[in-house]
Number of protein chains: 2
Amino acid sequence: MVTPAVSRAERVREQVLDATVELVAAVGVERLSIDEVANRSGVAKSTIYRHFPSKQVLVVEAVHACTSIPLVTDSGSLREDLISCFSGMTKASYEGRLGDMMMSLMDAAQRDPELNRLVRAQTDQKRRFATEVLERAIARGEVSADLDVDLTVTLLSGPLVYTKLVRRMPLTNELIAAVVDSVLAGIDVGIAGGLRTK
Amino acid sequence: MVTPAVSRAERVREQVLDATVELVAAVGVERLSIDEVANRSGVAKSTIYRHFPSKQVLVVEAVHACTSIPLVTDSGSLREDLISCFSGMTKASYEGRLGDMMMSLMDAAQRDPELNRLVRAQTDQKRRFATEVLERAIARGEVSADLDVDLTVTLLSGPLVYTKLVRRMPLTNELIAAVVDSVLAGIDVGIAGGLRTK
DNA sequence: ATCGATCGCTACGGTACCGTAGCGATTCGC
DNA sequence: GCGAATCGCTACGGTACCGTAGCGATCGAT
């Protein structure tokens, strides 16, 4: 038999992580059981333990496996960049497989230091992307340097996360645009009026 | 012995609910066990089952037991009312004992219809309070009737919930005021400029 | 004071999951 | 191809929790 494209070890690893993602999305982190992962993945429980020493590690790697880093655009327009940025980020993190895990992940992160670091790192990264977009706008004079960037990121992220996680409503492009436009409108008159030059 | 102020049944009920709140805050809804509630409350497991037929019911009643309805002020100033409204609501729901349960509660609500109704009802009620405040401002002409009230409530609630649940940072009065002021600034110029008459 | 209701306590069988071990079968590196 | 590593499978003892039952003690209403 020829050597397959992916080794057996890799194939096993993928199957296990895939089943883990499905299970966490379905029953949550707390009720995730290795037995069930073994059943769904078709991988023996003993083999799972050979690859992942603990449930904690398994979940962390499963999250990593379905985490994608969205592109940060630089169109020259703050509005366009923010919409693009938040559209990419929210759809990557709060929809699809990762989105289905997110709530349970955040809950478990309150008690698990490892998961806490993971979730916090992802949150911080998303905030950094948005911060970059805002600081570029400041650099080119589109927005006043007096802008409270951190608050603005919260004003932008909050409503979207709240809509998805708490209200469990879809994150439409219309909503993202409406949030961005509303916050930009606030920036326009925010500090002393006419701070946004464009 | 004289008849106590509260009957034994009431005292038992309180002890059980109290221990349940503590435990849910500590280990989450999923890992809540009746055995542990019995240990912490000093109430026998069999007695707990006499009062609460299932863990589901127990959690729901425990949440009800530490839920308070904040007052909705009517100062005549939209800004003051919003700050007062969100200050009361967020501190009632996202801080203290209920706040410690909230994340786990929302996670469990994704899989438990009963908890889902409970969480959704609380969210809807908070939104209704904020909606009332905004509609009163519209009625007295402080804000244009064209205002998208639902979006505005999301713009106000989102950043606060996000700050508390996702970032796990304290909800200071400064933050609440900053969010309210930012959103109000956006409303001012939001639709056609100068919609806020005051 | 009495008597029924309630409670604390203990124990039970049943279930689910843990993490490990042994042993053929399969696969991979050489 | 051949040896070694890996895997699937089964089984194991141990733990935690479930929901129920029995029984003596306590409480509460009359």
Side-chain angles (χ1 to χ4, degrees), chain A residues 1-62 65 104 107-108 111-112 114-115, chain B residues 1-62 65 104 107-108 111-112 114-115:
Chain A
M1 183 182 286
V2 293
T3 301
V6 293
S7 68
R8 177 166 65 167
E10 291 173 24
R11 197 173 55 247
V12 162
R13 208 184 135 81
E14 275 181 26
Q15 286 172 348
V16 171
L17 291 180
D18 206 71
T20 301
V21 170
E22 275 183 27
L23 261 178
V24 170
V27 307
V29 173
E30 308 283 2
R31 287 196 177 170
L32 176 73
S33 75
I34 306 294
D35 286 276
E36 193 59 28
V37 173
N39 289 338
R40 292 217 189 184
S41 64
V43 175
K45 194 167 58 161
S46 48
T47 304
I48 295 177
Y49 277 105
R50 285 192 196 102
H51 286 262
F52 308 96
S54 69
K55 193 168 90 175
Q56 196 185 99
V57 173
L58 179 59
V59 171
V60 169
E61 306 236 3
S104 179
D107 175 40
R111 285 156 233 122
D112 186 319
E114 206 65 36
L115 287 180
Chain B
M1 185 182 284
V2 292
T3 301
V6 294
S7 69
R8 178 166 64 167
E10 291 174 24
R11 197 173 55 246
V12 162
R13 207 184 136 81
E14 274 181 25
Q15 287 172 348
V16 171
L17 292 180
D18 206 71
T20 301
V21 170
E22 276 183 28
L23 261 178
V24 171
V27 305
V29 173
E30 308 284 2
R31 286 196 178 170
L32 176 74
S33 76
I34 307 294
D35 286 274
E36 192 59 27
V37 172
N39 289 339
R40 292 219 190 182
S41 65
V43 175
K45 194 167 59 159
S46 48
T47 304
I48 295 177
Y49 277 105
R50 285 191 194 102
H51 286 263
F52 308 97
S54 69
K55 193 168 90 174
Q56 195 185 100
V57 172
L58 179 60
V59 171
V60 170
E61 305 237 1
S104 178
D107 175 40
R111 287 158 231 120
D112 186 320
E114 205 66 36
L115 286 180

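Since the structure is predicted, the reported quantities are computational estimates derived from the model, not experimental observations. Order of the sequence lines fixes the chain letters, A, B, ..., with proteins taken first and strands second; residue numbering starts at 1 for each chain.
Checked against D/dT20, C/dC18, C/dA21, the side chain of A/S46 finds its nearest nucleotide in C/dA21. Of the candidates D/dC18, C/dC18, C/dG8, D/dC18 carries the atom nearest the B/I34 side chain, counting heavy atoms from C-beta on.
C/dT20 atom P lies 11 Å from atom CZ of A/R50, rounded to whole Å.
Counting atom types as modelled, A/K45 pairs no side-chain N or O with a base atom of D/dG8 as donor and acceptor under 3.5 Å. The base of D/dC18 lies outside donor-acceptor range of the side chain of B/S33, with no N or O pair under 3.5 Å.
A donor-acceptor contact shorter than 3.5 Å links the side chain of B/S104 to the backbone of B/V29. A/K55 contributes a side-chain N or O that, together with a main-chain N or O of A/L32, makes up a donor-acceptor pair within less than 3.5 Å.
Taking 4.5 Å as the limit, some side-chain heavy atom of B/R13 sits within range of a side-chain heavy atom of B/E61. Residues B/I34 and B/F52 form no side-chain contact, since every pair of their non-hydrogen atoms from C-beta on lies 4.5 Å or further apart.
Of the side-chain N and O atoms in B/T47, one or more sit less than 4.0 angstrom from OP1 or OP2 of C/dG8. Between A/H51 and the phosphate of D/dC7, there is a side-chain N or O to OP1/OP2 separation shorter than 4.0 Å.
When heavy atoms are screened at a 4.0 angstrom cut-off, A/L32 is found touching the sugar-phosphate backbone but no base atom.
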